[in-house]
Participant: 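This is the structure I have questions about; it appears just below.
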Amino acid sequence: MVAGSVIDRCLPCHRKTARKDRRVSLFTRSRQPLDTAEGGADSEDDTGGAGVAGEASGAAEEAGTASDEGADTASGEGAETAEAAETASGGGADSAEAVAAERDEGAEKADGTEEAADPAERSDSPPPGWFGWRRRYPRTARGVTIGTTGLAGVLVLFALLVPNRLERLGPEAFFRLPAEGILLAGLLLAVPPRSRRLMSVAAGALLGLLTVLKFVDMGFYSVLARPFDLVLDWILLDDAAEFVRESFGRTGQLLAVVGVIVLIVAVLVLMTLATVRVTNLMVGHRAVATRTTLILGTAWITCMTLGIQIGGVPLATKGNADFVNNRIEQVQAGLKDGRVFEKQAAVDAFAKTPPDQLLTGLRGKDVLFTFIESYGRVAIDDPAMAPQIDSVLKEGTNSLKAAGFQSRSAWLKSPVTGAGSWLAHSTFLSGLWIKNQQRYRSLTTSDRATLGSYFRKTGAWRTVGIVPGVRRAWPEGKFFALDHIYDSEHLGYNGPYFSWTPVPDQFSLEAFQRLEHGKKNRDPIMAEIILASSHNPWSPIARMTDWDELGDGSIFNQIKKEGTDPKEVWKDPERVRTEYRHAIEYSLRSLTEWVQRYGTDDTVLVFLGDHQPVPTVTAGSTSKDVPVTIVARDPKVLDKIADWNWTDGLKPAENAPTWGMDRFRDRFMTAYGPRGD
């Protein structure tokens with residue numbers, strides 16, 4: 001009777017507890033249900049069940065006690081069993097699994113008859129752990145759990161501390177105290193379990209998005225020396241994909257696009273999972289996590305107050321808060337910029353000037369506005385390039401002087417650096433500061449007059465464009481008032497591409513001579529000429545050849561074979577800088593030799609760089625200056641700009657005047673208009 005009463009009292013409670021435990025942790029059940037259960041059943045049949053039932057009752061009580069103690073330990077604060085189950089998914093997972101295993105063993109011993117009666121239910125249940133792997137290799141599983149948790153913590157810390165510029169990506173960047181991480185830890189420890197789960201998922205997704213944006217910023221700083229604009233720069237992603245295709249082929253473009261998409265998805269998913277796992281770890285060790293958070297918060301305040309630094313980097317940081325705040329300001333500025341630009345574009349000093357009073361000082365002249373891609377101040381000032389570039393400029397100055405030409409040079413400040421040539425071109429031609437794609441679109445859909453518009457308005461010039469970089473429809477050509485456009489398909493070139501560059505500069509200039517400049521009995525020409533051989537990636541590069549042997553460009557097939565491989569060049573920044581210098585030398589020689597060979601008394605050449613090259617070449621320089629030069633044989637042309645105080649020759653002096661590129665149009669038209677006569 002005593003044994004029976006004990007069984008009657010304990011067995012129902014045990015069954016209730018066992019069912020609850022099975023719902024909480026299906027994968028921690030014992031691997032030996034059937035044998036034990038069947039053995040228990042046989043023993044009860046043989047002995048009447050009294051002795052074994054007593055042992056089962058004791059085991060059930062022990063399992064219940066262990067369950068209660070395990071739940072209290074896992075919560076860190078005497079939490080309920082549900083809280084312990086939540087904790088078990090983090091750092092306390094192994095402890096919770098051990099408690100559950102003990103509980104199940106007690107259940108099996110106490111209820112062997114019930115388990116044996118329903119073997120189908122046991123065989124259909126999923127195995128414990130990772131398909132039973134965790135149960136078979138507990139030490140390895142524990143090591144994996146610890147390693148995964150540690151990796152999650154490293155990933156979250158990386159997201160909190162990683163900068164958005166490659167040059168700041170040093171070890172000192174990760175030895176800092178992030179205010180955002182400390183604050184987030186405090187909030188996660190304070191909120192209720194359900195809210196905590198939602199908050200950890202949201203925080204992980206936000207950290208993932210910030211990390212992706214920082215990676216994008218790294219790319220933009222590496223090319224454009226500025227961060228990604230969340231309002232205005234989305235169209236540039238398509239241009240970037242097109243550039244990759246033209247430089248490395250369609251396969252390279254596809255691999256790059258797929259790689260970027262996979263990377264973005266992986267960062268978002270992994271960062272969310274890592275944040276949830278770290279949150280569970282903190283909850284599982286609430287007391288320690290709370291004390292640590294308070295200590296780190298106090299340390300952050302102290303370091304920020306005292307200005308403590310490591311290697312010149314502040315130990316206490318709120319970089320992510322500043323990062324988000326800057327992005328908000330950037331978005332607000334981008335949304336307002338359209339209205340600001342509209343007001344600026346409405347002002348044009350020459351809009352009401354009669355055609356017969358425009359550009360009177362250049363009547364009868366061929367005026368050639370020529371852009372040399374990426375020809376920036378670094379090519380002239382950098383000690384590693386200056387000697388060779390200086391030699392080319394001196395040689396060009398002397399050879400042009402021998403042919404009767406004089407030249408004056410200075411500096412212009414471009415609105416862009418690294419890339420964005422069309423923004424620089426439109427700034428120079430329109431007299432407006434075109435610093436982003438939104439302004440460019442607004443400009444090219446407006447009635448703003450450009451230099452080409454005013455030359456055409458006079459009726460005294462035929463306006464043409466030599467634009468070898470254009471490979472598809474270019475509706476903006478109408479806005480720039482070009483009567484005829486010669487793109488890469490209409491220059492008669494049958495040679496190879498040189499990486500991004502479709503037509504070598506020497507051939508482009510020879511084609512201009514053949515198609516327009518060399519014709520007899522023609523009207524004066526105003527031409528916009530783009531020399532693209534110095535466009536990134538500067539490998540392989542064409543070299544000068546005999547002008548009479550250019551033919552249809554087939555000669556460049558062999559020249560390309562002798563060139564460098566861009567994939568190899570870009571492994572070494574110094575090789576990149578060397579190839580850039582070679583490209584600028586080639587473009588300068590192509591242009592000066594063309595003027596020497598084909599220039600006349602009526603030739604007026606204005607040539608300039610459109611922007612500085614990428615930061616790999618500028619080596620940290622923040623300057624946006626580019627050289628600008630005017631070349632003419634007629635001394636009256638240069639006399640009209642004598643008060644500009646530009647430097648004699650093709651090389652501008654270090655202290656030569658520096659103007660914003662948007663100021664050139666009005667100064668040029670003033671100098672060569674009635675007021676300049």
Participant: Nearest 0.5 Å, what's the CG-CD1 distance between Leu368 and Ile466?
Facilitator: 10.0 Å

Participant: Going by salt bridge (Lys or Arg N to Asp or Glu O under 4.0 Å), name the pairs with one or both residues in residues 607-616, residues two or more places apart or in two chains.
Facilitator: none

Participant: Can you list the residues that meet the side chain to side chain donor-acceptor pair (under 3.5 Å) rule with Arg448, with sequence neighbours excluded?
Facilitator: none

Participant: Closer than 3.5 angstrom, by distance alone: can the side chain of Trp547 be matched with the main-chain N or O of Gln506 as a donor-acceptor pair?
Facilitator: no

Participant: Could you please spell out the steps behind the side-chain contact (heavy atoms from CB on, under 4.5 Å) verdict for Arg633 and Thr603?
Facilitator: CA-CA 7 Å; Arg633 183 178 283 171; Thr603 299; over 6 Å; no

Participant: Keeping the roles fixed (side chain from Ser409, backbone from Leu650), state whether a donor-acceptor pair exists under 3.5 Å.
Facilitator: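 Present.
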
Participant: Can you tell if the side chain of Tyr440 reaches within under 4.5 Å of the side chain of Glu476, non-hydrogen atoms only?
Facilitator: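 In short, these two side chains touch, coming nearer than 4.5 Å.
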
Participant: For a quick test of reading the model, state the closest non-hydrogen atom pair linking Phe175 to Pro171 and the distance between them.
Facilitator: CD1-O, 3.0 Å

Participant: Does Arg441 have more than 12 heavy atoms from other residues, nucleotides or ligands lying within 6.0 Å of its CZ?
Facilitator: no

Participant: For the side chain of Arg176 and the backbone of Ile310, is there at least one donor-acceptor N/O pair under 3.5 Å apart?
Facilitator: no

Participant: Could you give the side-chain donor-acceptor pairs of residues 249-265 under 3.5 Å, partners two or more places apart or in another chain?
Facilitator:
| from | atom 1 | to | atom 2 | distance (Å) |
| --- | --- | --- | --- | --- |
| Gln253 | NE2 | Ala241 | O | 3.2 |

Participant: Would you say the side-chain atoms of Asp483 and Thr463 include a donor-acceptor pair closer than 3.5 Å?
Facilitator: yes

Participant: With side-chain contact (heavy atoms from CB on, under 4.5 Å) as the criterion, how do Phe479 and Thr445 come out once you've worked through the C-alpha distance, each side chain's angles and the decisive distance to 0.1 Å?
Facilitator: CA-CA 8 Å; Phe479 168 77; Thr445 54; over 6 Å; no

Participant: Let me see the working for Asp337 and Asn436 under side-chain contact (heavy atoms from CB on, under 4.5 Å), right down to the final yes or no.
Facilitator: CA-CA 10 Å; Asp337 186 65; Asn436 55 52; 3.4 Å; yes

Participant: For Val378, is there any backbone N or O sitting under 3.5 Å from a side-chain donor or acceptor partner on Gln612?
Facilitator: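 A pair under 3.5 Å: yes.
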
Participant: Is it the case that the ring center of Phe369 lies less than 6.0 angstrom away from the ring center of Phe480?
Facilitator: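 No, they do not, as the ring centres are separated by 6.0 Å or more.
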
Participant: Among all residues two or more places apart in sequence or in another chain, which pass the side chain to side chain donor-acceptor pair (under 3.5 Å) test with His535?
Facilitator: none

Participant: Kindly give the heavy-atom pair with the smallest separation between Val631 and Thr629, and that separation in Å.
Facilitator: CG2-CG2, 3.9 Å

Participant: Below 4.0 angstrom, N of the basic side chain to O of the carboxylate: do Arg327 and Asp217 qualify?
Facilitator: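 Judged by the 4.0 Å cut-off on N to carboxylate O distance, Arg327 and Asp217 do form a salt bridge.
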
Participant: Got more than 12 heavy atoms from elsewhere within 6.0 Å of CD, Glu562?
Facilitator: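 Yes, because the 6.0 Å sphere around CD of Glu562 holds more than 12 heavy atoms from other groups.
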
Participant: Is Arg597 salt-bridged to Asp548, going by a charged N under 4.0 Å from an acidic O?
Facilitator: yes

Participant: Decide whether Ser539 and Thr564 meet the rule of one side-chain donor and one side-chain acceptor closer than 3.5 Å.
Facilitator: yes

Participant: Between Glu585 and Arg581 (salt bridge meaning N to carboxylate O under 4.0 Å), is one present in this structure?
Facilitator: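 A salt bridge links Glu585 with Arg581.
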
Participant: Using a 3.5 Å distance criterion without hydrogens, assess whether the side chain of Thr397 forms a donor-acceptor pair with backbone atoms of Gly649.
Facilitator: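 Side chain of Thr397 to backbone of Gly649, a donor-acceptor pair under 3.5 Å: no, none is there.
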
Participant: Decide yes or no on side-chain contact (heavy atoms from CB on, under 4.5 Å) for Ile584 and Ile389, but give the supporting numbers first.
Facilitator: CA-CA 8 Å; Ile584 296 298; Ile389 299 296; 3.9 Å; yes

Participant: For the side chain of Thr501 and the backbone of Ala532, is there at least one donor-acceptor N/O pair under 3.5 Å apart?
Facilitator: yes

Participant: Do side-chain atoms of Asn326 reach the backbone of Asp322 as a donor and acceptor pair under 3.5 angstrom?
Facilitator: yes

Participant: Distance from Asn645 atom CG to Arg408 atom CZ, nearest 0.5 Å?
Facilitator: 11.0 Å

Participant: Where the side chain of Asp602 meets the backbone of Asp366, is there a donor-acceptor pair that is under 3.5 Å apart?
Facilitator: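 No, because the side chain of Asp602 does not come within donor-acceptor range (under 3.5 Å) of the backbone of Asp366.
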
Participant: Could you walk me through whether Lys435 and Asp229 pass the salt bridge (charged side-chain N to carboxylate O under 4.0 Å, His left out) check?
Facilitator: CA-CA 12 Å; Lys435 62 181 180 179; Asp229 192 314; over 6 Å; no

Participant: Looking only at heavy atoms, what is the nearest atom pair of Val614 and Ser222, with distance?
Facilitator: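 Scanning both residues, the minimum pair turns out to be CB-O, 3.6 Å.
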
Participant: Salt-bridged, Lys401 to Asp648, with N to O below 4.0 Å?
Facilitator: no

Participant: For the ring pair (Phe, Tyr, Trp, His ring centres under 6.0 Å) test, which of Phe498, Trp500, Tyr375, Tyr580 pairs with Trp538?
Facilitator: Tyr580

Participant: What heavy-atom pair brings Pro468 and Leu491 nearest, and what distance separates the two atoms?
Facilitator: CB-CD1, 4.0 Å

Participant: Ignoring hydrogens and geometry beyond distance, is a side-chain donor-acceptor pair present between Ser554 and Asp552 at under 3.5 Å?
Facilitator: yes

Participant: Quickly, which of His517, Gln513, Glu510 forms a side-chain hydrogen bond (donor to acceptor under 3.5 Å, both in side chains) with Tyr598? Name it, please.
Facilitator: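 Answer after filtering His517, Gln513, Glu510: Glu510.
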
Participant: Would you say Ser414's side chain and Val416's backbone share a donor-acceptor pair under 3.5 angstrom?
Facilitator: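 Yes; at least one donor-acceptor contact below 3.5 Å.
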
Participant: Side chain to side chain contact (heavy atoms under 4.5 Å, CB included) with Pro657: which of Trp411, Trp644, Trp646?
Facilitator: Trp646

Participant: When Phe228 is tested against each of Phe220, Phe323, Phe215 for ring pair (Phe, Tyr, Trp, His ring centres under 6.0 Å), which residue passes?
Facilitator: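 Only match with Phe228 under ring pair (Phe, Tyr, Trp, His ring centres under 6.0 Å): Phe220.
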
Participant: About how many Å separate OG1 of Thr647 and CG of Asn655, when rounded to the nearest 0.5 Å?
Facilitator: 7.0 Å

Participant: Who passes ring pair (Phe, Tyr, Trp, His ring centres under 6.0 Å) against Tyr493, sequence neighbours left out?
Facilitator: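 Tyr493 satisfies ring pair (Phe, Tyr, Trp, His ring centres under 6.0 Å) with Phe507 once adjacent residues are dropped.
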
Participant: According to side chain to side chain donor-acceptor pair (under 3.5 Å), who are the partners of Arg589, at least two apart in sequence or on a separate chain?
Facilitator: none

Participant: Which atom pair, heavy atoms only, marks the closest approach of Ala632 to Val604?
Facilitator: CB-CG2, 4.4 Å

Participant: If I compare all heavy atoms of Val464 with all of Leu482, which pair ends up nearest, and what's the gap?
Facilitator: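 Shortest heavy-atom contact: O-CD2, 3.6 Å.
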
Participant: Checking the side chain of Lys651 only, and the main-chain atoms of Lys394 only, is there a donor and an acceptor separated by less than 3.5 Å?
Facilitator: no

Participant: So, Trp234 and Gln437: side-chain donor and acceptor under 3.5 Å apart, yes or no?
Facilitator: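 Gln437 and Trp234 do not have a side-chain donor-acceptor pair below 3.5 Å.
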
Participant: From the options Thr444, Thr427, Ile434, select the one residue that forms a side chain to side chain contact (heavy atoms under 4.5 Å, CB included) with Arg439.
Facilitator: Ile434

Participant: Would you give the length of the straight line joining atom NZ of Lys214 to atom CZ of Arg165, rounded to the nearest 0.5 angstrom?
Facilitator: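 If I round to the nearest 0.5 Å, the distance is 14.0 Å.
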
Participant: Kindly compute the distance separating OG (Ser534) from CD1 (Ile541), expressed to the nearest 0.5 Å.
Facilitator: 9.5 Å

Participant: Taking Asp382 first and then Arg577, would you say they form a salt bridge - that is, a charged N and a carboxylate O separated by under 4.0 Å?
Facilitator: yes

Participant: Atom CZ in Arg667, atom CH2 in Trp659: separation rounded to 0.5 Å?
Facilitator: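 Those atoms lie 4.5 Å apart.
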
Participant: Strictly by modelled atom types, are Ser587 and Ser590 linked by a side-chain donor-acceptor pair under 3.5 Å?
Facilitator: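 Absent: no donor and acceptor within the cut-off.
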
